[in-house]
Colleague: 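Next up is a structure, given as structure tokens.
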Amino acid sequence: MLSYMMSPVKLIFVVTVATVCFCTSPALSFGLNNNNNKSKTKKKTGSLPVLDKAANKYIPPSNLSSAQFYSPVSTIIKAGPVPVLTRFFQSETYEQAVWKYMVESKDTDVKSAQGNMDAFFASKESWVEQKMFEKQGKREVYDYGQEPSLDRVILASIWGVLSTSLILRVLWQLANGNRNLF
């Protein structure tokens, strides 16, 4: 039966990676209980993208490009799999969102703009709520461009591995006809 399926080792690896990605994102999204990522940044002005009204697209200045974006792995760690999928399958939409955010916020920091758009694509409602509370002064300004602390990444990875192990154990027991799941 397993001849046409993935080997158990490969299956465990794939499911572990997927679970770490899905379990890491809620733990790291929006800086839950993580005071290290809060900052009171000053908005910088300078080289901002420009809207080309004829093409209805934002054109980055010569000193900026999408090559300066942080890696997809950082996107997964910071915001989960949804922004990565958007980044891969709708790259033009992703880039335009980053450039548009830079223009609207008047912030020249590409990493901050990309982090904000990653958070937006991960959970629009939560991101909009955070921005609304920041404007009202009810929450501190959160720096989405900053890397999460190493201890949070390690704890989220451990959680992902443990939950993957449990899920695989239950699936293995069900696949082998054992109704004693644990």
Side-chain angles (χ1 to χ4, degrees), residues 1-39 66-98 101 110-133 139-140 142-182:
M1 182 172 184
L2 287 176
S3 62
Y4 66 92
M5 295 177 59
M6 231 187 271
S7 72
V9 174
K10 287 182 183 177
L11 178 66
I12 289 171
F13 176 74
V14 169
V15 173
T16 301
V17 168
T19 305
V20 166
C21 292
F22 282 102
C23 292
T24 302
S25 61
L28 299 175
S29 293
F30 310 111
L32 299 175
N33 298 324
N34 186 2
N35 294 328
N36 296 336
N37 284 344
K38 292 180 182 175
S39 69
S66 60
Q68 292 175 308
F69 289 171
Y70 51 70
S71 72
V73 173
S74 291
T75 299
I76 285 177
I77 290 172
K78 290 180 182 183
V82 175
V84 171
L85 294 175
T86 303
R87 189 172 175 176
F88 286 141
F89 296 112
Q90 299 174 348
S91 59
E92 183 67 26
T93 303
Y94 184 84
E95 287 179 21
Q96 287 298 307
V98 172
Y101 182 82
V110 176
K111 305 249 186 262
S112 176
Q114 187 183 2
N116 273 282
M117 290 300 93
D118 284 346
F120 175 78
F121 288 125
S123 177
K124 293 171 179 60
E125 296 81 14
S126 298
W127 183 82
V128 169
E129 178 186 30
Q130 172 70 20
K131 291 300 176 185
M132 181 183 69
F133 285 146
R139 287 192 189 156
E140 289 184 44
Y142 182 77
D143 183 6
Y144 289 100
Q146 191 174 30
E147 294 293 327
S149 63
L150 181 61
D151 60 337
R152 290 184 58 87
V153 174
I154 290 170
L155 289 173
S157 299
I158 291 170
W159 171 249
V161 168
L162 291 176
S163 58
T164 300
S165 301
L166 179 63
I167 290 168
L168 288 175
R169 170 76 176 164
V170 169
L171 291 175
W172 184 262
Q173 293 290 25
L174 289 173
N176 289 314
N178 189 350
R179 298 295 176 219
N180 181 9
L181 300 179
F182 302 103

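The structure presented is a predicted model; accordingly, all values stated were derived computationally and were not measured.
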Colleague: Looking at every heavy atom in both A79 and A122, which two are closest together, and how far apart are they?
Modeller: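 That would be O-CB, 3.4 Å.
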Colleague: Any side-chain heavy atom of L85 within less than 4.5 Å of one from Y94?
Modeller: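 A side-chain contact is absent here, since even the closest heavy-atom pair is not under 4.5 Å.
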Colleague: Applying salt bridge (charged side-chain N to carboxylate O under 4.0 Å, His left out) as the test, list every pair that has at least one member in residues 81-97; sequence neighbours left out.
Modeller: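 For residues 81-97: K57-E92.
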Colleague: When rounded to the nearest 0.5 angstrom, what distance separates CG in D151 from CG in L155?
Modeller: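 Atom-to-atom, D151:CG and L155:CG are 6.0 Å apart.
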Colleague: If every non-hydrogen atom of P83 is compared with every non-hydrogen atom of T75, which pair is closest and at what distance?
Modeller: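 Looking at all heavy atoms of both residues, the closest pair is CB-CG2, 3.7 Å.
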Colleague: Who passes side chain to side chain contact (heavy atoms under 4.5 Å, CB included) against L171, sequence neighbours left out?
Modeller: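 Result, side chain to side chain contact (heavy atoms under 4.5 Å, CB included) vs L171: I167.
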Colleague: Please name all residues satisfying side chain to side chain contact (heavy atoms under 4.5 Å, CB included) with F133, sequence neighbours left out, ordered by chain then number.
Modeller: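 Partners of F133 under the side chain to side chain contact (heavy atoms under 4.5 Å, CB included) test: E129, Q136, K138, R139.
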Colleague: When rounded to the nearest 0.5 angstrom, what distance separates OG in S157 from CG in L150?
Modeller: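 One finds 9.0 Å between OG of S157 and CG of L150.
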Colleague: Which heavy atom of V84 sits nearest to which heavy atom of P72, and what is that distance?
Modeller: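 Scanning both residues, the minimum pair turns out to be CG2-O, 3.6 Å.
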Colleague: Does any N or O in the side chain of K78 come within less than 3.5 Å of the main-chain N or O of G145, such that one atom is a donor and the other an acceptor?
Modeller: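 A pair under 3.5 Å: yes.
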Colleague: Output all residues satisfying side chain to side chain contact (heavy atoms under 4.5 Å, CB included) with N176, sequence neighbours left out; order by chain, then residue number.
Modeller: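 If we apply the side chain to side chain contact (heavy atoms under 4.5 Å, CB included) test to N176, skipping adjacent residues, the hits are W172.
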Colleague: Please give me the minimum heavy-atom distance between V98 and V110, naming the atom from each residue.
Modeller: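 Result for this residue pair: CG1-O, 4.5 Å.
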Colleague: Rounded to the nearest 0.5 Å, what's the gap from CD1 on I77 to OG on S71? Could you check?
Modeller: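 Reported to 0.5 Å precision, the distance equals 7.5 Å.
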Colleague: Please tell me if the side chains of M117 and Y144 come closer than 4.5 Å, counting only heavy atoms from C-beta onward.
Modeller: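 Not in contact.
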Colleague: Work out which heavy atom in F69 is nearest to a heavy atom in K111; give both atom names and the distance.
Modeller: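 Between these two residues, the closest heavy atoms are C-NZ, 4.2 Å.
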Colleague: Could you tell me if N116 and Y142 have a donor-acceptor pair between their side chains, going purely by distance under 3.5 Å?
Modeller: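 No, no side-chain donor-acceptor contact under 3.5 Å.
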Colleague: Suppose we screen for side chain to side chain contact (heavy atoms under 4.5 Å, CB included). Which residues come up paired with L174, at least two apart in sequence or across chains?
Modeller: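 With sequence neighbours excluded, L174 shows a side chain to side chain contact (heavy atoms under 4.5 Å, CB included) to V170, R179, L181, given in chain and number order.
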Colleague: Determine the minimum heavy-atom distance between G115 and Y70, stating which atoms define it.
Modeller: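 G115 and Y70 have their closest heavy atoms at CA-OH, 3.2 Å.
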Colleague: Donor-acceptor pair, S91 side chain versus F88 backbone, under 3.5 Å?
Modeller: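 Flag not set: sc S91 to bb F88 has no pair under 3.5 Å.
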